[in-house]
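Contents: one structure, followed by commentary.
These numbers come from a predicted model, not from an experiment. Throughout, protein chains are lettered first and strands after them, A, B, ... in sequence-line order, and every chain is numbered starting at 1. These values consider heavy atoms only, across backbone and side chains, with no hydrogens, waters or symmetry-generated copies.
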Protein chains: 2
Amino acid sequence: MKEIDKVFKALADPSRRELIDRLHAKNGQTLSELCAGLDMARQSVTQHLGLLEEANLISVQWQGRDKLHYFNPVPIHEIYERWIRKFERQRLDALHDFKTKLEGKLR
Amino acid sequence: MKEIDKVFKALADPSRRELIDRLHAKNGQTLSELCAGLDMARQSVTQHLGLLEEANLISVQWQGRDKLHYFNPVPIHEIYERWIRKFERQRLDALHDFKTKLEGKLR
DNA sequence: TTGACATGCAGGTTATTACCTGCCTATTCT
DNA sequence: AGAATAGGCAGGTAATAACCTGCATGTCAA
């Protein structure tokens with residue numbers, strides 16, 4: 001499976017995006033910390049975090065019995081650069097055309 | 001299911017991203033046109049297109065017996081605005097910090 | 001009008017996903 | 001040392017996803 005596929009797949013699940021959001025708000029959280037309030041068994045969270053790690057969206061670091069999780073924004077940036085940006089450009093072009101046409105009608 | 005969830009789910013599959021890419025390259029293609037070269041039964045493609053339509057990533061228009069497909073960049077833009085942009089910002093900040101520290105060391 | 005073509009609809013299969021529970025290990029704290 | 005805490009590992013289940021085939025319908029063109 002290609003890297004970019006893993007990232008898209010990882011982002012497909014709302015719980016995983018929620019986890020990323022939480023790490024973005026506070027980096028370096030432990031598993032238990034991330035579990036708190038997530039209405040889901042610890043094992044499920046572990047699994048989600050595993051997928052995120054597979055996609056290189058987070059990295060982990062052990063500290064005694066604690067497993068610390070860190071968010072890595074690089075894959076998201078790559079998705080943006082390699083896949084999303086071109087559509088943004090098209091969209092802006094469309095807006096530009098629209099505005100131009102509008103100005104034509106108003107003239 | 002929330003709108004944004006549908007979009008992320010729709011983008012999770014490589015075949016569906018491929019379809020979007022093709023429509024981006026040439027808008028208004030028929031189903032048969034999109035099937036060509038996709039090593040997949042027509043019905044599967046129909047299903048993928050259905051999901052993309054559900055996510056509002058494409059819209060269709062009938063013309064006689066032909067079903068024309070058009071790409072809509074808006075949902076992708078929304079994903080970018082509401083979800084990706086903040087991570088881009090963090091990333092740029094990180095780069096900036098890095099550069100600043102580096103300059104500190106070089107001084 | 002008949003044949004060729006574009007697509008829809010129904011249903012079935014297999015793989016994957018998102019969960020769970022139960023039990024085990026390692027670390028910390030008292 | 002013993003209890004509490006953080007996490008791993010194995011396995012099981014139910015829902016969903018990604019495919020397929022077969023047949024029906026509607027449209028175009030000779």
Side-chain angles (χ1 to χ4, degrees), chain A residues 1-23 26-71 75, chain B residues 1-23 26-71 75:
Chain A
M1 200 195 226
K2 285 198 309 186
E3 280 307 306
I4 201 168
D5 291 350
K6 287 189 203 161
V7 181
F8 270 113
K9 274 254 179 338
L11 295 182
D13 189 278
S15 306
R16 287 195 286 269
R17 292 200 304 278
E18 167 75 23
L19 284 168
I20 289 181
D21 278 333
R22 286 179 177 222
L23 285 181
K26 183 184 171 201
N27 218 1
Q29 294 185 67
T30 66
L31 174 57
S32 320
E33 222 171 338
L34 288 169
C35 283
L38 257 198
D39 197 27
M40 190 187 297
R42 173 174 54 86
Q43 212 29 252
S44 309
V45 178
T46 297
Q47 202 171 324
H48 283 306
L49 290 171
L51 279 183
L52 290 172
E53 201 184 344
E54 270 293 303
N56 202 30
L57 280 161
I58 65 177
S59 57
V60 300
Q61 190 185 336
W62 281 91
Q63 192 161 338
R65 65 180 167 177
D66 291 334
K67 190 187 193 183
L68 307 179
H69 298 79
Y70 296 91
F71 169 58
Chain B
M1 201 191 218
K2 284 199 310 184
E3 280 306 306
I4 200 168
D5 290 351
K6 287 189 203 162
V7 182
F8 270 113
K9 275 253 179 341
L11 295 181
D13 189 279
S15 306
R16 287 194 287 270
R17 291 200 304 279
E18 168 76 21
L19 285 168
I20 290 182
D21 278 333
R22 286 178 177 222
L23 285 182
K26 182 185 171 200
N27 218 0
Q29 293 185 69
T30 66
L31 174 57
S32 318
E33 221 171 338
L34 288 168
C35 283
L38 259 197
D39 197 27
M40 186 185 303
R42 174 176 53 87
Q43 199 42 47
S44 309
V45 178
T46 297
Q47 204 171 322
H48 283 307
L49 290 170
L51 279 182
L52 290 172
E53 202 185 342
E54 270 292 304
N56 202 30
L57 280 161
I58 64 177
S59 58
V60 300
Q61 189 187 336
W62 281 91
Q63 192 163 334
R65 66 182 166 174
D66 291 334
K67 190 187 192 184
L68 307 180
H69 298 79
Y70 295 90
F71 168 58

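- Expressed to the nearest 0.5 Å, how far CG of A:Leu19 lies from NE2 of A:His69 amounts to 9.0 Å.
- Taken from CD in A:Glu53 to NE2 in A:His48, the straight-line distance is 15.0 Å, to the nearest 0.5 Å.
- Of the residues in residues 10-20 of chain A, not one comes within less than 4.0 Å of DNA chain D through any heavy atom.
- Interatomic distance, CD1 of A:Ile58 versus CD1 of A:Ile20, reported as 8.0 Å (0.5 Å rounding).
- Remark: A:Lys6 NZ to A:Met1 CE distance equals 8.0 Å, nearest 0.5 Å.
- Rounding to the nearest 0.5 Å places CZ of B:Arg17 at 7.5 Å from CG of B:Leu11.
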Donor-acceptor pairs under 3.5 Å, side chain of residues 29-42 of chain A to any protein atom, not counting sequence neighbours: which ones?
residue	atom	partner	partner atom	Å
A:Gln29	NE2	A:Arg22	O	3.1
A:Gln29	NE2	A:Lys26	O	3.0
A:Thr30	OG1	A:Glu33	N	3.1
A:Glu33	OE1	A:Thr30	N	3.1
A:Glu33	OE2	A:Lys26	NZ	2.4

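- An OP1 or OP2 oxygen of C:dT17 is reached within less than 4.0 angstrom by no side-chain nitrogen or oxygen of A:His48.
- Protein atom CE of A:Met1 is 13 Å distant from nucleotide atom C1' of D:dA18, rounded to whole Å.
- Closest of all the heavy-atom pairs between A:Leu23 and A:Gly28 is CD2-N, 4.3 Å.
- Residues B:Val7 and B:Ala55 come closest through the heavy atom pair CG2-O, 3.7 Å.
- Regarding A:Leu49, its CG atom lies at a distance of 10 Å from the P atom of D:dG7, rounded to whole Å.
- Side chain of B:Asp66 to backbone of B:Leu68: no donor-acceptor contact under 3.5 angstrom is found.
- Using a 4.0 Å cutoff on non-hydrogen atoms, the parts of residues 37-47 of chain B near DNA chain D are B:Met40, B:Ala41, B:Gln43, B:Ser44, B:Gln47, ordered by number.
- Each end of the helix from C:dT1-D:dA30 to C:dT30-D:dA1 yields a helix axis from five base pairs, and these two axes differ in direction by 30° (to the nearest 10 degrees).
- Between atom CZ of residue B:Arg16 and atom CG of residue B:Leu49 there is a gap of 10.0 Å, rounded to the nearest 0.5 Å.
- Within residues 52-71 of chain A, the residues that place at least one heavy atom under 4.0 Å from DNA chain D are, in residue-number order, A:Trp62, A:Arg65, A:Asp66, A:Lys67.
- For B:Thr30, taking side-chain heavy atoms from C-beta onward, the closest of the listed nucleotides C:dT7, C:dA18, D:dA6 is C:dT7.
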Between the protein and nucleotides 14-16 of chain D, which nitrogen or oxygen pairs come in under 3.5 angstrom?
none

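- In this entry the distance linking CG of A:Leu31 with C1' of C:dT27 reads 15 Å, nearest Å.
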